[in-house]
Enquirer: 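Submitted below is the structure of interest, expressed as structure tokens.
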Amino acid sequence: MRVGVPKEIKNSEFRVGLTPGSVREYVAHGHEVIVETGAGAGIRAGDQDYEAAGARIAPDAASVFAEAEMIVKVKEPQPVEIERLREGQILYAYLHLAPDEPQTKGLLKSGVTGVAYETVTDDRGGLPLLAPMSEVAGRLAIQAAAYALTAPQGGRGLLMGGVPGVLPAKVLVIGGGVVGAHAAKMAAGLGADVTVLDRNLRRLAELDDLFAGRVKTRYSTYEALDEETDEADVVIGAVLIPGASAPKLVTREMLKGMKDGAVLVDVSIDQGGCFETSKPTTHAEPTYIVEGVVHYCVANMPGAVPLTASHALNNATLAYGLMLADKGLDALKENRHLRNGLNVHRGKVTHEAVAAAHGLPYTPAEEALALH
Ligand SMILES: NC(=O)C1=CN([C@@H]2O[C@H](COP(=O)(O)OP(=O)(O)OC[C@H]3O[C@@H](n4cnc5c(N)ncnc54)[C@H](O)[C@@H]3O)[C@@H](O)[C@H]2O)C=CC1
Ligand SMILES: CC(=O)C(=O)O
Ligand SMILES: [Mg+2]
């Protein structure tokens with residue numbers, strides 16, 4: 001198959017869909033890989049590194065999209081990229097369609113076969129292609145929060161870990177999945193006072209064991225949210241209902257009860273955000289203030305650490321990517337976990353939560369792929 005890797009064009013997105021090491025694997029499988037010139041700049045990989053791995057360098061994005069049968073990207077296609085997609089082409093990337101109607105309609109109009117990293121599943125009930133970026137974003141969330149807590153950023157002027165004789169910051173993590181656990185680990189490591197809320201009791205028990213008392217856990221109810229947000233210096237939003245828009249758990253009303261200069265980091269913003277007052281921001285301008293509370297809502301947090309993040313992402317996306325390149329649509333027919341990643345196909349929405357989010361008809365992936 002002819003596989004294309006365009007340079008990412010989202011604001012401050014420095015990751016790349018395929019590292020030179022991954023290109024080598026695709027080439028070893030007999031595929032032709034076309035990489036846009038400069039695509040690897042953010043990971044310090046030059047065109048010559050891609051050529052050495054067996055890729056052909058294309059002068060611009062337009063020729064990558066025109067020639068490739070499968071596009072491997074990191075972030076959801078931007079409007080100019082959507083215009084370049086077509087029926088019969090496979091798009092393999094994060095899509096986050098539920099909160100993004102224009103993109104959903106654009107992809108449907110293009111007819112492209114869109115496989116979204118974030119809804120591919122595994123046998124253990126996890127999301128293996130989302131997990132590595134959730135690890136990165138969870139850890140980064142605490143770095144972002146620690147910086148936002150400083151006075152020049154509008155924060156309370158608090159050191160996350162405190163010092164001997166002065167209490168540390170109180171960090172509330174809403175959602176104890178991959179993002180939440182990694183955020184809790186970093187916050188506890190810095191010496192903060194950490195509480196994790198979740199609705200999954202089994203998960204709370206796992207976290208209780210994992211952190212051996214270093215992190216507190218609490219069942220997530222509106223009452224718990226109301227009380228805990230009042231106490232918190234930092235709130236990390238890390239909930240997920242796969243494929244769907246995030247529930248708005250922290251309301252504008254709750255913000256009024258929060259401390260002046262407290263910090264909210266809404267990692268769930270890529271699925272629309274779990275705070276009522278969240279709106280997507282960029283690494284160029286990551287924060288804004290509502291009711292005295294600093295909001296950090298960057299939708300592509302791992303884009304700021306492309307070296308770590310591109311390699312971690314490729315570790316997870318390579319095997320399924322090779323399957324798609326080797327077998328095309330048959331890979332989706334044969335592997336139900338990969339098929340769970342199919343969000344749109346030939347003008348049909350094939351993910352139930354995405355269809356529900358936009359009030360669009362839902363066609364099960366099996367039906368869209370004529371798998372009966
Ligand atoms: N902004 C960014 O750059 C990035 C954002 N993300 C996003 O972070 C979010 C979390 O991802 P993961 O940790 O991988 O998901 P996950 O599925 O591992 O964890 C989500 C957790 O939220 C819990 N949850 C659901 N409803 C809840 C509620 N009402 N109250 C409390 N907990 C609730 C679930 O039980 C689960 O434990 C996703 O939206 C993901 O796309 C991930 C990576 C980068
Ligand atoms: C998961 C996601 O949205 C990201 O890595 O940018
Ligand atoms: Mg309150």
Side-chain angles (χ1 to χ4, degrees), residues 8 10-17 73-76 93-100 116-122 124-141 144 172-185 195-207 217-225 228-229 235-250 264-275 278 280-283 286 295-306 308-310 312-314 316-317 353:
E8 293 296 315
K10 191 174 172 120
N11 182 299
S12 305
E13 180 51 73
F14 301 107
R15 286 171 288 179
V16 62
K73 271 180 57 57
V74 180
K75 290 309 285 185
E76 71 281 355
Y94 287 116
L95 299 181
H96 303 295
L97 292 176
D100 189 346
Y117 293 159
E118 72 275 8
T119 65
V120 173
T121 52
D122 65 20
R124 294 183 307 159
L127 302 168
L129 308 196
L130 178 63
M133 295 305 93
S134 293
E135 294 170 359
V136 171
R139 291 178 179 219
L140 209 49
L172 174 67
V173 180
I174 310 175
V178 180
V179 167
H182 283 265
K185 182 174 185 166
T195 301
V196 180
L197 300 185
D198 204 297
R199 294 217 118 156
N200 180 339
L201 284 175
R202 196 151 35 101
R203 183 60 182 163
L204 290 179
E206 281 169 8
L207 293 173
T217 61
R218 185 169 178 187
Y219 187 66
S220 181
T221 59
Y222 288 109
E223 181 183 49
L225 281 166
E228 295 291 342
T229 50
V235 181
I236 308 291
V239 303
L240 175 65
I241 296 163
S245 290
K248 303 287 179 211
L249 298 177
V250 175
L264 298 184
V265 177
D266 200 345
V267 186
S268 301
I269 191 69
D270 59 349
Q271 292 293 143
C274 64
F275 308 138
S278 293
T281 59
T282 64
H283 288 293
H295 290 54
Y296 175 103
C297 304
V298 177
N300 59 333
M301 294 174 66
V305 287
T308 305
S310 300
L313 179 62
N314 274 246
T317 55

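As a basis for the values below, the full set of heavy atoms in this structure was taken, side chains included, without hydrogen atoms, waters or symmetry mates. For ligands, and for the atoms within them, numbers begin at 1 and follow the listed sequence.
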Enquirer: Report all protein residues having a heavy-atom distance below 4.0 Å to some atom of ligand 2; order the list by chain, then number.
Expert: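 Ligand 2 pocket, heavy atoms under 4.0 Å: R15, K75, Y94, H96, L130, M133, D270, A299, N300, P302.
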Enquirer: Which of the numbered atoms in ligand 1 are under 4.0 angstrom from any heavy atom belonging to R199?
Expert: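 Matching atoms, with element in brackets: 27 (C), 28 (C), 29 (N), 30 (N), 31 (C), 32 (N).
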Enquirer: Specify the closest pair of heavy atoms between K248 and G273, including all atoms of both residues, with the distance to one decimal.
Expert: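 For K248 and G273, the tightest heavy-atom pair comes out as NZ-O, 2.9 Å.
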Enquirer: Numbering the atoms of ligand 1 from 1, which are under 4.0 Å from a heavy atom of G175?
Expert: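 Near G175, meaning under 4.0 Å from one of its heavy atoms, ligand 1 has 22 (O), 32 (N).
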Enquirer: Below 4.5 Å, heavy atoms only, C-beta onward: do S245 and Q271 meet side chain to side chain?
Expert: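 A side-chain contact under 4.5 Å is absent here.
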Enquirer: Quick one: nearest non-hydrogen protein atom to atom 44 (C) of ligand 1, plus distance?
Expert: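 For atom 44 (C) of ligand 1, the nearest protein heavy atom is A137 CB, 3.4 Å.
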Enquirer: Could you tell me which atoms of ligand 1, counted from 1 in the order shown, lie closer than 4.0 angstrom to a heavy atom of N200?
Expert: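 Ligand 1 atoms under the 4.0 Å threshold to N200: 35 (O).
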Enquirer: Please examine the side chains of I269 and F275, heavy atoms only from C-beta on, and report whether any two atoms are closer than 4.5 Å.
Expert: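 No, too far: nothing below the 4.5 Å cut-off.
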Enquirer: Ion pair present between E228 and R218, side-chain N to carboxylate O less than 4.0 angstrom?
Expert: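 Yes.
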Enquirer: Are K73 and E13 side-chain neighbours, meaning at least one heavy-atom pair lies under 4.5 Å?
Expert: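 Not touching, per the 4.5 Å side-chain cut-off.
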Enquirer: Quick check on V298 - does any of its heavy atoms sit under 4.0 Å from an atom of ligand 1?
Expert: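 Yes, V298 has a heavy atom closer than 4.0 Å to ligand 1.
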Enquirer: Within a strict 4.5 Å, meaning less than it, do heavy atoms of the I174 and I236 side chains meet?
Expert: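 A side-chain contact under 4.5 Å is absent here.
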Enquirer: Is any side-chain heavy atom of T217 closer than 4.5 Å to one of T195?
Expert: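 Counting from C-beta outward, T195 and T217 never come under 4.5 Å.
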Enquirer: Taking 4.0 angstrom as the limit and counting only heavy atoms of S220, give me the atoms of ligand 1 inside it, by number and element.
Expert: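 Listed by number with element, the hits are 30 (N), 31 (C).
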Enquirer: Could you pull out all residues at least two apart from H182 that satisfy ring pair (Phe, Tyr, Trp, His ring centres under 6.0 Å)?
Expert: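 Partners of H182 by the ring pair (Phe, Tyr, Trp, His ring centres under 6.0 Å) criterion come out as none, since no residue qualifies.
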Enquirer: Can you pull out the closest protein heavy atom to atom 13 (O) of ligand 1? Residue, atom name and distance to 0.1 Å, please.
Expert: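 Going atom by atom, the protein heavy atom closest to atom 13 (O) of ligand 1 ends up being V179 N, 2.8 Å.
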Enquirer: Within ligand 1, which atoms have a heavy atom of L249 less than 4.0 Å away?
Expert: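 Close to L249: 28 (C), 29 (N), 30 (N).
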Enquirer: With a cutoff of 4.0 Å, is A238 in contact with ligand 1, counting heavy atoms of the residue only?
Expert: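 Heavy atoms of A238 do come under 4.0 Å of ligand 1.
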Enquirer: For ligand 1, is there an N or O atom under 3.5 Å from any N or O atom of D198?
Expert: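 Checking ligand 1 against D198, an N or O pair does fall under 3.5 Å apart.
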Enquirer: Please determine whether side chain to side chain contact (heavy atoms under 4.5 Å, CB included) holds for the pair R15 and K75, giving the CA-CA distance in whole Å, both sets of side-chain angles, and the decisive distance to 0.1 Å.
Expert: CA-CA 9 Å; R15 286 171 288 179; K75 290 309 285 185; 3.5 Å; yes
Enquirer: Nearest to atom 12 (P) of ligand 1 by heavy atom, G126, G237, G177, S134: which?
Expert: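 Closest candidate by heavy-atom distance is S134.
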Enquirer: Got a donor-acceptor contact below 3.5 angstrom from the Y296 side chain to the T281 backbone?
Expert: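 Not confirmed, Y296 side chain does not pair with T281 backbone.
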Enquirer: Considering only heavy atoms, which of V196, D270, I269 lies nearest to atom 39 (O) of ligand 1?
Expert: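 Looking at heavy atoms only, the winner is D270.
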Enquirer: Under 4.0 Å from any heavy atom of N300, which atoms of ligand 1 are there?
Expert: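 Listed by number with element: 3 (O).
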Enquirer: Closest heavy-atom contact between N11 and N300?
Expert: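 Minimum heavy-atom contact is O-ND2, 3.4 Å.
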Enquirer: With the side chain counted from C-beta on, respond yes when D266 and H295 share a heavy-atom pair under 4.5 Å apart, and no when they do not.
Expert: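 Of all side-chain heavy-atom pairs linking H295 with D266, none is under 4.5 Å.
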Enquirer: Would you call L264 and S278 a side-chain contact if the rule is heavy atoms closer than 4.5 Å?
Expert: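 They are not in side-chain contact.
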Enquirer: Shortest non-hydrogen contact from A184 to V196?
Expert: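 Between these two residues, the closest heavy atoms are CB-CG2, 4.0 Å.
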Enquirer: Considering only the protein, which heavy-atom contact is closest to atom 3 (O) of ligand 1, and what is its distance?
Expert: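 Result for atom 3 (O) of ligand 1: M301 N, 2.7 Å.
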Enquirer: Using a strict cut-off of 4.0 Å, indicate which atoms of ligand 1 neighbour a heavy atom of P302.
Expert: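 Going through ligand 1 atom by atom, the ones under 4.0 Å from P302 are 3 (O), 44 (C).
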Enquirer: Around atom 5 (C) of ligand 1, find the nearest protein heavy atom and jot down its residue, atom name and distance.
Expert: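 Answer for atom 5 (C) of ligand 1: V267 O, 3.0 Å.
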Enquirer: Which residue owns the protein heavy atom closest to atom 33 (C) of ligand 1, what's the atom, and how far is it?
Expert: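 Result for atom 33 (C) of ligand 1: V239 CG1, 3.6 Å.
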Enquirer: Nearest protein heavy-atom contact for atom 38 (C) of ligand 1: which residue, which atom, what distance?
Expert: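 Atom 38 (C) of ligand 1 sits closest to the protein heavy atom L240 CD1, 3.8 Å.
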Enquirer: Tell me the protein heavy atom at minimum distance from atom 18 (O) of ligand 1, and give that distance in Å.
Expert: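 Ranked first by proximity to atom 18 (O) of ligand 1 is V178 N, 3.0 Å.
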Enquirer: Considering only heavy atoms, does L130 approach ligand 1 within less than 4.0 Å through its side chain, its backbone, both, or neither?
Expert: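 The answer is the side chain of L130.
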Enquirer: Do V239 and L249 make a side-chain contact, defined as non-hydrogen atoms from C-beta onward lying under 4.5 Å apart?
Expert: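 SC-SC contact between V239 and L249 confirmed.
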Enquirer: Decide whether an N or O pair under 3.5 Å exists between G180 and ligand 1.
Expert: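 So ligand 1 has no N or O lying under 3.5 Å from an N or O of G180.
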Enquirer: For A238 and V179, which heavy atoms make the closest approach, and how far apart are they?
Expert: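 So the minimum-distance heavy-atom pair works out to CB-CG1, 3.4 Å.
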Enquirer: What is the nearest protein non-hydrogen atom to atom 2 (C) of ligand 1, stated with its residue, atom name and distance?
Expert: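 Here the nearest protein heavy atom works out to A299 O, 3.5 Å.
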Enquirer: Which pair of heavy atoms, one from D198 and one from G177, lies closest together, and at what distance?
Expert: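 Closest approach of D198 to G177: OD2-N, 4.1 Å.
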Enquirer: Which atoms from ligand 1 have a heavy atom of M133 less than 4.0 Å away?
Expert: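 The list of qualifying atoms is 43 (C), 44 (C).
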